[in-house]
Enquirer: 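One structure coming up, written as structure tokens, with questions to follow.
Lettering of chains follows the sequences in order, A, B, ..., and the numbering in each one begins at 1.
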Amino acid sequence: MKLFIIGFLSGIIGGMGIGGGTILIPSLTIFANIEQHMAQSVNLLSFIPTASIALLYHLKQRNIVLNIILNIILSGLIGSFIGSYISIYINSYILKKLFAVFLFIMGIYEIISKQKIGEKQNEKIQNKKNH
Amino acid sequence: MNKQIKLMLIGFMTGLLNGLFGAGGGTIIVPFMVFLLGIEDHKAHATAISIILPLTIFSSIIYIKSGIFNLPITLNVTLGSVVGGLLGASILNKVPIKYLRKIFGIIMIAASIRILFTK
């Protein structure tokens with residue numbers, strides 16, 4: 001039940017477009033005492049169903065800029081391969097500390113971020129078009 | 001910089017960090033797309049999912065093949081996150097995201113400090 005609630009709360013945050021996974025991992029290590037690697041594995045896997053639903057929705061709405069994604073995905077897969085193997089071979093204690101530094105930077109980013117998602121973004125776009 | 005090289009670098013960095021920390025790919029790639037490529041915010045978010053999903057599936061396979069996998073924990077959390085995700089997306093335009101973003105930023109910083117200073 002505890003795990004469900006942690007997933008639920010971070011799911012809400014993720015659904016609003018604020019990095020849900022970045023919150024899920026420390027919640028799992030701090031409140032559910034789950035090891036860092038395992039928490040990362042859980043986060044990666046739990047992202048797949050929700051993201052698949054969101055992807056289908058956005059494909060239908062034609063929100064996806066298709067002409068740039070192939071190059072990003074191809075190089076991204078190489079990065080993912082290297083990143084995942086580095087992660088697996090790093091000791092859990094060190095990975096946790098590295099993750100904390102990453103989390104700190106992400107936290108700063110969320111505070112200074114000027115993204116307008118969910119803040120009447122359409123109105124803004126409309127204003128630009130009118131001017 | 002050549003646009004193709006830019007795209008490749010963005011993808012590589014995003015995949016690397018997403019694989020290393022098992023999270024954060026979307027948060028990293030959205031500002032890249034908005035500021036470096038000039039894509040509108042809502043399209044950048046949608047496009048980010050189409051990029052992060054295959055990268056996440058690929059990283060997941062590597063984690064599972066290396067034995068880092070626990071089915072009961074994953075199922076419980078995933079169930080919660082699917083329900084929460086749908087709820088979050090449906091209230092997206094009804095909550096003050098600007099302030100929530102800052103609040104979660106503070107929570108993330110607090111959590112990071114806690115992790116850094118505990119054994």
Enquirer: Could you give the distance from CD1 (A:Ile88) to NZ (B:Lys65), rounded to the nearest 0.5 Å?
Expert: 10.5 Å
Enquirer: Quick one: what part of A:Leu24 sits under 4.5 Å from any heavy atom of chain B, side chain, backbone, both or neither?
Expert: side chain
Enquirer: Please find the pair of heavy atoms, one from A:Ile30 and one from B:Ile115, that lie closest to each other, and give the distance.
Expert: CD1-CG1, 4.2 Å
Enquirer: Heavy atoms only: give me the nearest A:Ser80-B:Phe58 pair and the separation to one decimal.
Expert: CB-CD2, 3.9 Å
Enquirer: So for A:Ile25, is it side chain, backbone, both, or neither that comes closer than 4.5 Å to the heavy atoms of chain B?
Expert: side chain
Enquirer: Does any heavy atom of chain A fall under 4.5 Å from the side chain of B:Ile103, the backbone, both, or neither of them?
Expert: neither
Enquirer: With a 4.5 angstrom heavy-atom cut-off, could you sort out which part of B:Ile39 is near chain A: side chain, backbone, both or neither?
Expert: side chain
Enquirer: What part of B:Leu87 is in contact with chain A, defined as an atom under 4.5 angstrom from a non-hydrogen atom: side chain, backbone, both or neither?
Expert: side chain
Enquirer: Heavy-atom distances under 4.5 Å only: say whether A:Ile34 touches chain B with side chain, backbone, both or neither.
Expert: side chain
Enquirer: Non-hydrogen atoms of chain B under 4.5 Å away: do they reach the side chain of A:Phe81, the backbone, both or neither?
Expert: both
Enquirer: Main chain of B:Leu20, side chain of A:Ser87: is a donor-acceptor contact present, judged purely on distance under 3.5 Å?
Expert: yes
Enquirer: Quick check on A:Leu28 against chain B: is it the side chain, the backbone, both or neither that has a heavy atom closer than 4.5 Å?
Expert: side chain
Enquirer: Is there a donor-acceptor contact under 3.5 Å from the side chain of A:Lys97 to the main chain of B:Leu116?
Expert: yes
Enquirer: Please look at A:Ile6 and chain B and tell me whether the side chain, the backbone, both or neither of the residue comes under 4.5 angstrom of a heavy atom of that chain.
Expert: neither
Enquirer: By a 4.5 Å heavy-atom criterion (distance strictly below it), what part of A:Ser27 contacts chain B: side chain, backbone, both, or neither?
Expert: neither
Enquirer: Does anything in residues 101-108 of chain A get under 4.5 Å of chain B by heavy atoms, and if so which residues?
Expert: A:Val101, A:Phe102, A:Leu103, A:Phe104, A:Met106, A:Gly107, A:Ile108
Enquirer: A:Ser75 side chain to B:Met8 main-chain N or O, any donor-acceptor pair under 3.5 Å?
Expert: yes
Enquirer: Can you name the closest pair of heavy atoms from A:Ile23 and B:Phe104 and give their distance?
Expert: CD1-CD2, 4.3 Å
Enquirer: Between B:Ile61 and chain A, with a heavy-atom cut-off of 4.5 Å, which part of the residue counts as in contact: side chain, backbone, both or neither?
Expert: neither
Enquirer: Can you tell which part of B:Leu75 gets under 4.5 Å to a heavy atom of chain A, answering side chain, backbone, both or neither?
Expert: neither
Enquirer: Does B:Lys102 reach the side chain of A:Glu110, with side-chain heavy atoms less than 4.5 Å apart?
Expert: no
Enquirer: Please check if any side-chain donor atom of B:Ser66 sits under 3.5 Å from a side-chain acceptor atom of A:Tyr85, or the reverse.
Expert: no
